[in-house]
Amino acid sequence: MSSPGQILKENLWTNNPIFMQVLGICSALAVTNLLTNTMIMTIGVTFVTAMSNLTVSLLKGLIPRKVRMIVQTLIIAFYVIIVDILLRAYLPDISRALGPYVGLIITNCIIMGRAEAFAQSNPPLISMWDGATSGFGYMAVLLVIAFFRELLGFGTLFGIQVLPDAFVPWTIMVTAPSAFFFLGIIIWIGKSIMNREGAPA
Amino acid sequence: MNAAPVLNPFALFFASIFTSNILLANFLGMCSFISISKDMKSSNGLGMAVTVVLTVTTALNWVILNYVLIPLNVQYLRYIVFIISIAAVVQMLEMIIDRVSQALYMSLGIFLPLITVNCAILGVSLFMEIRNYTFLQSVIYGLGSGLGWWLAIMLLSAIRKKTEKAPVPAGLKGPGITVITIGFMAMAFIGFSGMLAVQ
(Lines give C-alpha, C1' and ligand atoms only; values in the text may rest on other atoms or scores of the structure.)
Protein backbone atom coordinates (compact mmCIF):
# COMPACT_ATOMS: atom_id res chain seq x y z
CA MET A 1 0.00 0.00 0.00
CA SER A 2 1.21 3.50 -0.71
CA SER A 3 2.09 5.94 2.07
CA PRO A 4 0.17 9.19 2.68
CA GLY A 5 3.09 11.26 1.32
CA GLN A 6 3.20 9.25 -1.86
CA ILE A 7 -0.52 9.65 -2.38
CA LEU A 8 -0.19 13.40 -1.91
CA LYS A 9 2.54 13.61 -4.53
CA GLU A 10 0.63 11.39 -6.95
CA ASN A 11 -2.62 13.30 -6.74
CA LEU A 12 -1.00 16.71 -6.82
CA TRP A 13 1.46 16.04 -9.59
CA THR A 14 2.19 12.73 -11.34
CA ASN A 15 -1.43 11.66 -11.49
CA ASN A 16 -3.14 15.04 -11.25
CA PRO A 17 -6.85 14.64 -12.02
CA ILE A 18 -6.91 17.58 -14.40
CA PHE A 19 -3.81 17.56 -16.52
CA MET A 20 -2.90 13.90 -16.41
CA GLN A 21 -6.30 12.25 -16.39
CA VAL A 22 -8.31 15.12 -17.94
CA LEU A 23 -11.23 14.38 -15.63
CA GLY A 24 -13.79 16.58 -13.98
CA ILE A 25 -13.33 19.59 -16.18
CA CYS A 26 -17.03 19.60 -16.95
CA SER A 27 -18.33 21.57 -14.03
CA ALA A 28 -15.07 23.35 -13.38
CA LEU A 29 -14.10 25.54 -16.29
CA ALA A 30 -17.23 27.63 -16.05
CA VAL A 31 -16.42 28.93 -12.59
CA THR A 32 -12.80 29.91 -13.22
CA ASN A 33 -13.38 33.48 -14.34
CA LEU A 34 -13.35 34.71 -10.74
CA LEU A 35 -10.93 33.55 -8.03
CA THR A 36 -13.46 33.71 -5.20
CA ASN A 37 -15.96 31.50 -6.99
CA THR A 38 -13.23 29.05 -7.92
CA MET A 39 -12.02 28.87 -4.34
CA ILE A 40 -15.49 28.10 -2.99
CA MET A 41 -16.23 25.63 -5.75
CA THR A 42 -12.99 23.69 -5.29
CA ILE A 43 -13.38 23.61 -1.51
CA GLY A 44 -16.82 22.11 -2.11
CA VAL A 45 -15.41 19.52 -4.50
CA THR A 46 -12.60 18.62 -2.08
CA PHE A 47 -15.06 18.18 0.77
CA VAL A 48 -17.36 16.00 -1.32
CA THR A 49 -14.52 13.87 -2.69
CA ALA A 50 -13.02 13.28 0.75
CA MET A 51 -16.30 12.50 2.48
CA SER A 52 -17.70 10.32 -0.28
CA ASN A 53 -14.43 8.37 -0.45
CA LEU A 54 -14.62 7.85 3.32
CA THR A 55 -18.24 6.71 3.13
CA VAL A 56 -17.75 4.42 0.13
CA SER A 57 -14.75 2.86 1.82
CA LEU A 58 -16.66 2.30 5.08
CA LEU A 59 -19.58 0.74 3.26
CA LYS A 60 -17.64 -1.23 0.68
CA GLY A 61 -18.42 -4.59 2.29
CA LEU A 62 -22.12 -3.84 2.44
CA ILE A 63 -22.78 -2.60 -1.10
CA PRO A 64 -23.69 -5.33 -3.58
CA ARG A 65 -21.41 -5.07 -6.61
CA LYS A 66 -24.22 -4.83 -9.13
CA VAL A 67 -25.74 -1.66 -7.72
CA ARG A 68 -22.58 0.00 -6.50
CA MET A 69 -22.60 2.74 -9.14
CA ILE A 70 -26.01 4.04 -8.15
CA VAL A 71 -25.19 3.74 -4.44
CA GLN A 72 -21.99 5.74 -4.95
CA THR A 73 -23.92 8.37 -6.88
CA LEU A 74 -26.44 8.66 -4.07
CA ILE A 75 -23.68 9.01 -1.46
CA ILE A 76 -22.10 11.78 -3.55
CA ALA A 77 -25.46 13.48 -4.07
CA PHE A 78 -26.02 13.44 -0.31
CA TYR A 79 -22.83 15.42 0.34
CA VAL A 80 -23.50 17.77 -2.57
CA ILE A 81 -26.87 18.63 -1.06
CA ILE A 82 -25.09 19.49 2.22
CA VAL A 83 -22.68 21.77 0.35
CA ASP A 84 -25.55 23.36 -1.55
CA ILE A 85 -27.57 24.06 1.58
CA LEU A 86 -24.53 25.50 3.39
CA LEU A 87 -23.75 27.79 0.46
CA ARG A 88 -27.33 29.00 0.22
CA ALA A 89 -27.40 29.79 3.92
CA TYR A 90 -24.02 31.47 4.37
CA LEU A 91 -22.88 32.67 0.94
CA PRO A 92 -26.09 33.36 -1.02
CA ASP A 93 -24.36 35.60 -3.60
CA ILE A 94 -21.79 33.01 -4.52
CA SER A 95 -24.42 30.30 -4.52
CA ARG A 96 -26.35 32.30 -7.10
CA ALA A 97 -23.24 32.94 -9.19
CA LEU A 98 -22.31 29.27 -9.25
CA GLY A 99 -25.87 28.38 -10.25
CA PRO A 100 -26.26 24.81 -11.44
CA TYR A 101 -22.57 24.05 -11.15
CA VAL A 102 -22.84 23.15 -7.46
CA GLY A 103 -25.33 20.46 -8.32
CA LEU A 104 -23.08 19.31 -11.12
CA ILE A 105 -20.43 18.29 -8.59
CA ILE A 106 -22.46 15.06 -8.50
CA THR A 107 -21.46 14.16 -12.03
CA ASN A 108 -17.88 15.34 -11.60
CA CYS A 109 -15.90 12.40 -12.91
CA ILE A 110 -13.08 12.86 -10.38
CA ILE A 111 -15.31 11.97 -7.44
CA MET A 112 -16.79 8.92 -9.09
CA GLY A 113 -13.35 7.93 -10.37
CA ARG A 114 -11.70 8.09 -6.94
CA ALA A 115 -14.56 6.22 -5.29
CA GLU A 116 -14.30 3.49 -7.89
CA ALA A 117 -10.52 3.33 -8.25
CA PHE A 118 -9.35 3.89 -4.67
CA ALA A 119 -12.03 3.83 -1.98
CA GLN A 120 -13.50 0.57 -3.28
CA SER A 121 -10.34 -1.34 -2.31
CA ASN A 122 -8.68 0.63 0.52
CA PRO A 123 -9.32 1.28 4.25
CA PRO A 124 -11.39 4.37 5.23
CA LEU A 125 -8.84 6.89 6.52
CA ILE A 126 -6.38 6.56 3.66
CA SER A 127 -9.32 6.77 1.22
CA MET A 128 -10.41 10.01 2.79
CA TRP A 129 -6.86 11.33 2.43
CA ASP A 130 -6.79 10.22 -1.18
CA GLY A 131 -10.04 12.03 -1.84
CA ALA A 132 -8.84 15.21 -0.16
CA THR A 133 -5.52 15.26 -2.05
CA SER A 134 -7.30 14.67 -5.36
CA GLY A 135 -9.38 17.69 -4.48
CA PHE A 136 -6.21 19.68 -3.77
CA GLY A 137 -4.73 18.72 -7.13
CA TYR A 138 -7.92 19.90 -8.78
CA MET A 139 -7.93 23.08 -6.71
CA ALA A 140 -4.32 23.94 -7.60
CA VAL A 141 -4.90 23.76 -11.36
CA LEU A 142 -8.18 25.65 -11.24
CA LEU A 143 -6.73 28.42 -9.10
CA VAL A 144 -3.92 28.94 -11.59
CA ILE A 145 -6.43 29.22 -14.44
CA ALA A 146 -8.69 31.52 -12.42
CA PHE A 147 -5.73 33.70 -11.39
CA PHE A 148 -4.89 34.54 -15.00
CA ARG A 149 -8.48 34.81 -16.17
CA GLU A 150 -9.50 37.21 -13.43
CA LEU A 151 -6.30 39.24 -13.67
CA LEU A 152 -6.51 39.71 -17.42
CA GLY A 153 -10.28 39.73 -17.73
CA PHE A 154 -11.15 42.15 -14.93
CA GLY A 155 -7.80 43.49 -13.67
CA THR A 156 -8.67 42.21 -10.20
CA LEU A 157 -7.69 39.40 -7.81
CA PHE A 158 -10.33 38.10 -5.38
CA GLY A 159 -12.36 41.16 -6.42
CA ILE A 160 -9.63 43.63 -5.40
CA GLN A 161 -8.25 45.83 -8.15
CA VAL A 162 -4.54 45.18 -8.70
CA LEU A 163 -3.86 46.47 -12.21
CA PRO A 164 -3.91 50.24 -12.88
CA ASP A 165 -6.95 51.82 -14.50
CA ALA A 166 -4.98 52.28 -17.73
CA PHE A 167 -5.13 48.50 -18.21
CA VAL A 168 -7.81 47.53 -20.72
CA PRO A 169 -9.45 44.23 -19.66
CA TRP A 170 -9.34 41.47 -22.22
CA THR A 171 -12.94 40.55 -22.91
CA ILE A 172 -12.00 37.12 -24.21
CA MET A 173 -10.74 36.15 -20.75
CA VAL A 174 -14.28 36.36 -19.40
CA THR A 175 -15.75 34.14 -22.11
CA ALA A 176 -15.59 30.38 -22.58
CA PRO A 177 -12.70 29.97 -25.08
CA SER A 178 -10.03 31.36 -22.78
CA ALA A 179 -10.76 28.62 -20.22
CA PHE A 180 -10.05 26.01 -22.88
CA PHE A 181 -6.87 27.75 -24.00
CA PHE A 182 -5.52 28.00 -20.47
CA LEU A 183 -6.39 24.40 -19.73
CA GLY A 184 -4.63 23.35 -22.94
CA ILE A 185 -1.54 25.36 -22.02
CA ILE A 186 -1.46 23.92 -18.49
CA ILE A 187 -1.76 20.39 -19.83
CA TRP A 188 1.06 21.20 -22.23
CA ILE A 189 3.38 22.57 -19.54
CA GLY A 190 2.60 19.75 -17.14
CA LYS A 191 3.15 17.03 -19.68
CA SER A 192 6.34 18.57 -21.05
CA ILE A 193 7.93 18.73 -17.60
CA MET A 194 6.85 15.20 -16.93
CA ASN A 195 8.24 13.95 -20.23
CA ARG A 196 11.57 15.51 -19.33
CA GLU A 197 11.56 13.83 -15.93
CA GLY A 198 10.94 10.57 -17.74
CA ALA A 199 7.93 9.72 -15.61
CA PRO A 200 5.51 7.26 -17.17
CA ALA A 201 2.89 9.42 -18.82
CA MET B 1 -40.94 31.23 -8.07
CA ASN B 2 -40.56 33.84 -10.77
CA ALA B 3 -42.77 33.85 -13.82
CA ALA B 4 -41.59 31.79 -16.75
CA PRO B 5 -39.50 33.82 -19.19
CA VAL B 6 -41.30 34.80 -22.37
CA LEU B 7 -39.23 33.37 -25.14
CA ASN B 8 -39.84 32.58 -28.76
CA PRO B 9 -39.53 28.77 -29.06
CA PHE B 10 -37.53 29.04 -32.27
CA ALA B 11 -35.11 31.51 -30.74
CA LEU B 12 -34.64 29.18 -27.79
CA PHE B 13 -34.12 26.21 -30.10
CA PHE B 14 -31.40 27.89 -32.12
CA ALA B 15 -29.83 29.50 -29.09
CA SER B 16 -29.47 26.15 -27.36
CA ILE B 17 -27.82 24.67 -30.45
CA PHE B 18 -25.50 27.53 -31.35
CA THR B 19 -25.02 30.54 -29.10
CA SER B 20 -25.34 28.85 -25.75
CA ASN B 21 -24.16 25.45 -26.85
CA ILE B 22 -24.27 23.28 -23.76
CA LEU B 23 -20.75 22.07 -24.39
CA LEU B 24 -18.89 25.05 -25.72
CA ALA B 25 -20.50 27.79 -23.65
CA ASN B 26 -21.43 25.91 -20.49
CA PHE B 27 -18.68 23.28 -20.47
CA LEU B 28 -21.03 20.40 -19.82
CA GLY B 29 -20.41 16.84 -20.90
CA MET B 30 -16.69 17.34 -21.39
CA CYS B 31 -15.45 14.01 -20.04
CA SER B 32 -17.12 11.73 -22.54
CA PHE B 33 -16.71 14.43 -25.19
CA ILE B 34 -12.93 14.26 -25.02
CA SER B 35 -12.59 10.51 -24.67
CA ILE B 36 -15.15 9.46 -27.30
CA SER B 37 -14.37 12.06 -29.97
CA LYS B 38 -11.35 9.99 -31.05
CA ASP B 39 -13.66 7.94 -33.19
CA MET B 40 -16.26 9.38 -35.55
CA LYS B 41 -18.62 6.43 -35.55
CA SER B 42 -18.83 6.29 -31.77
CA SER B 43 -19.23 10.06 -31.66
CA ASN B 44 -22.25 9.79 -33.89
CA GLY B 45 -23.79 7.06 -31.76
CA LEU B 46 -23.16 8.89 -28.52
CA GLY B 47 -24.46 12.16 -29.93
CA MET B 48 -27.67 10.49 -30.98
CA ALA B 49 -28.07 8.81 -27.59
CA VAL B 50 -27.42 12.08 -25.74
CA THR B 51 -30.04 13.87 -27.84
CA VAL B 52 -32.71 11.26 -27.13
CA VAL B 53 -31.94 11.03 -23.41
CA LEU B 54 -31.74 14.80 -22.97
CA THR B 55 -35.13 15.40 -24.56
CA VAL B 56 -36.83 12.68 -22.53
CA THR B 57 -35.21 13.45 -19.17
CA THR B 58 -35.69 17.21 -19.37
CA ALA B 59 -39.41 16.72 -20.01
CA LEU B 60 -39.69 14.09 -17.28
CA ASN B 61 -37.77 16.15 -14.75
CA TRP B 62 -39.93 19.17 -15.50
CA VAL B 63 -43.04 17.13 -14.66
CA ILE B 64 -41.45 15.73 -11.50
CA LEU B 65 -40.26 19.16 -10.40
CA ASN B 66 -43.53 20.98 -10.94
CA TYR B 67 -46.02 18.31 -9.90
CA VAL B 68 -44.14 16.49 -7.13
CA LEU B 69 -41.21 18.41 -5.67
CA ILE B 70 -42.67 21.93 -5.60
CA PRO B 71 -46.12 20.96 -4.20
CA LEU B 72 -44.44 18.91 -1.46
CA ASN B 73 -41.89 21.68 -0.89
CA VAL B 74 -38.92 19.32 -1.01
CA GLN B 75 -36.91 21.02 -3.74
CA TYR B 76 -33.68 20.36 -1.89
CA LEU B 77 -34.10 16.72 -2.91
CA ARG B 78 -33.95 17.63 -6.59
CA TYR B 79 -30.34 16.51 -7.16
CA ILE B 80 -31.06 13.01 -5.94
CA VAL B 81 -34.43 12.81 -7.68
CA PHE B 82 -33.04 14.10 -10.99
CA ILE B 83 -30.14 11.66 -10.93
CA ILE B 84 -32.44 8.73 -10.19
CA SER B 85 -34.88 9.70 -12.92
CA ILE B 86 -32.02 10.04 -15.41
CA ALA B 87 -30.65 6.63 -14.46
CA ALA B 88 -34.13 5.13 -14.75
CA VAL B 89 -34.77 6.67 -18.17
CA VAL B 90 -31.43 5.44 -19.45
CA GLN B 91 -32.10 1.94 -18.15
CA MET B 92 -35.57 1.84 -19.71
CA LEU B 93 -34.38 3.19 -23.06
CA GLU B 94 -31.72 0.50 -23.10
CA MET B 95 -34.30 -2.24 -22.54
CA ILE B 96 -36.75 -0.81 -25.07
CA ILE B 97 -34.13 -0.43 -27.77
CA ASP B 98 -32.87 -3.94 -27.10
CA ARG B 99 -36.40 -5.31 -27.69
CA VAL B 100 -37.29 -3.20 -30.68
CA SER B 101 -34.21 -3.27 -32.84
CA GLN B 102 -31.00 -5.22 -32.49
CA ALA B 103 -29.24 -3.09 -35.09
CA LEU B 104 -30.10 0.11 -33.25
CA TYR B 105 -29.05 -1.48 -29.98
CA MET B 106 -25.64 -2.27 -31.39
CA SER B 107 -25.10 1.30 -32.58
CA LEU B 108 -26.79 3.19 -29.74
CA GLY B 109 -27.24 0.85 -26.79
CA ILE B 110 -23.60 0.51 -25.84
CA PHE B 111 -23.37 4.25 -25.20
CA LEU B 112 -26.38 4.48 -22.96
CA PRO B 113 -24.69 3.47 -19.66
CA LEU B 114 -22.07 6.18 -20.26
CA ILE B 115 -24.79 8.79 -20.35
CA THR B 116 -25.96 8.48 -16.76
CA VAL B 117 -22.81 10.19 -15.59
CA ASN B 118 -22.71 12.72 -18.43
CA CYS B 119 -22.88 16.14 -16.79
CA ALA B 120 -24.78 17.62 -19.71
CA ILE B 121 -27.91 15.64 -18.85
CA LEU B 122 -28.08 16.75 -15.23
CA GLY B 123 -26.90 20.22 -16.21
CA VAL B 124 -29.74 20.81 -18.64
CA SER B 125 -32.27 19.73 -16.01
CA LEU B 126 -30.75 22.15 -13.50
CA PHE B 127 -30.68 25.03 -16.00
CA MET B 128 -34.30 24.24 -16.82
CA GLU B 129 -35.15 24.63 -13.14
CA ILE B 130 -33.13 27.81 -12.57
CA ARG B 131 -34.53 29.54 -15.65
CA ASN B 132 -38.14 28.55 -14.87
CA TYR B 133 -38.89 27.20 -18.33
CA THR B 134 -42.40 26.11 -19.20
CA PHE B 135 -42.98 22.52 -20.30
CA LEU B 136 -42.77 23.32 -24.01
CA GLN B 137 -39.65 25.41 -23.49
CA SER B 138 -38.05 22.59 -21.49
CA VAL B 139 -38.63 20.07 -24.26
CA ILE B 140 -37.27 22.46 -26.88
CA TYR B 141 -34.31 23.32 -24.70
CA GLY B 142 -33.55 19.65 -24.07
CA LEU B 143 -33.78 18.76 -27.76
CA GLY B 144 -31.76 21.78 -28.86
CA SER B 145 -29.03 21.16 -26.32
CA GLY B 146 -28.81 17.53 -27.40
CA LEU B 147 -28.51 18.49 -31.06
CA GLY B 148 -25.91 21.10 -30.15
CA TRP B 149 -23.88 18.51 -28.27
CA TRP B 150 -24.16 16.08 -31.17
CA LEU B 151 -23.04 18.75 -33.63
CA ALA B 152 -20.08 19.72 -31.46
CA ILE B 153 -18.82 16.17 -30.98
CA MET B 154 -19.10 15.41 -34.71
CA LEU B 155 -17.17 18.57 -35.57
CA LEU B 156 -14.49 17.83 -33.02
CA SER B 157 -14.02 14.22 -34.06
CA ALA B 158 -13.62 15.34 -37.67
CA ILE B 159 -10.99 17.89 -36.66
CA ARG B 160 -9.21 15.35 -34.45
CA LYS B 161 -8.67 13.10 -37.47
CA LYS B 162 -6.41 15.84 -38.82
CA THR B 163 -4.67 16.84 -35.60
CA GLU B 164 -3.72 13.22 -34.94
CA LYS B 165 -1.44 13.28 -37.95
CA ALA B 166 -0.20 16.82 -37.42
CA PRO B 167 3.30 17.39 -36.01
CA VAL B 168 2.29 18.64 -32.56
CA PRO B 169 4.84 19.23 -29.74
CA ALA B 170 5.16 16.09 -27.62
CA GLY B 171 3.66 17.58 -24.48
CA LEU B 172 0.65 18.87 -26.35
CA LYS B 173 -0.27 15.55 -27.98
CA GLY B 174 -3.62 13.97 -27.09
CA PRO B 175 -5.74 15.92 -24.62
CA GLY B 176 -3.68 19.13 -24.81
CA ILE B 177 -4.25 19.87 -28.48
CA THR B 178 -7.84 18.65 -28.23
CA VAL B 179 -8.66 21.15 -25.49
CA ILE B 180 -7.12 23.98 -27.50
CA THR B 181 -9.10 22.88 -30.57
CA ILE B 182 -12.27 23.02 -28.48
CA GLY B 183 -11.27 26.55 -27.49
CA PHE B 184 -11.21 27.60 -31.15
CA MET B 185 -14.54 25.91 -31.75
CA ALA B 186 -16.00 27.77 -28.77
CA MET B 187 -14.78 31.04 -30.28
CA ALA B 188 -16.46 30.22 -33.58
CA PHE B 189 -19.74 29.40 -31.86
CA ILE B 190 -19.63 32.60 -29.82
CA GLY B 191 -19.62 34.38 -33.15
CA PHE B 192 -23.29 33.43 -33.51
CA SER B 193 -24.21 35.29 -30.36
CA GLY B 194 -24.76 38.59 -32.14
CA MET B 195 -27.75 37.04 -33.89
CA LEU B 196 -29.75 36.09 -30.83
CA ALA B 197 -30.08 37.51 -27.36
CA VAL B 198 -31.00 34.72 -25.00
CA GLN B 199 -29.81 34.47 -21.43
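By convention in this document, chain letters (A, B, ...) are assigned in the order of the sequence lines, proteins followed by strands, and residues within each chain are numbered from 1. Below, each value reflects all heavy atoms present in this structure, side chains not excepted, and no hydrogens, waters or symmetry copies.
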Neighbour count above 12 (heavy atom, 6.0 Å) for A:L125 CG: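 No, because the 6.0 Å sphere around CG of A:L125 holds 12 heavy atoms or fewer from other groups.
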
Between [X] and chain A, which part of the residue has a heavy atom less than 4.5 Å away: side chain, backbone, both or neither?
| X | result |
| --- | --- |
| B:F82 | neither |
| B:I177 | neither |
| B:L122 | both |

A:T55 and A:Y79: side chain donor to acceptor below 3.5 Å: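 Side chains of A:T55 and A:Y79: pair found under 3.5 Å.
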
What I want to check is whether the side chains of A:S178 and A:R149 have a donor and an acceptor closer together than 3.5 Å.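 Distance-only check passes for A:S178 and A:R149.
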
Consider side chain to side chain contact (heavy atoms under 4.5 Å, CB included). Of A:T42, A:L183, A:I186, A:V45, which one does A:L142 pass it with? A:T42

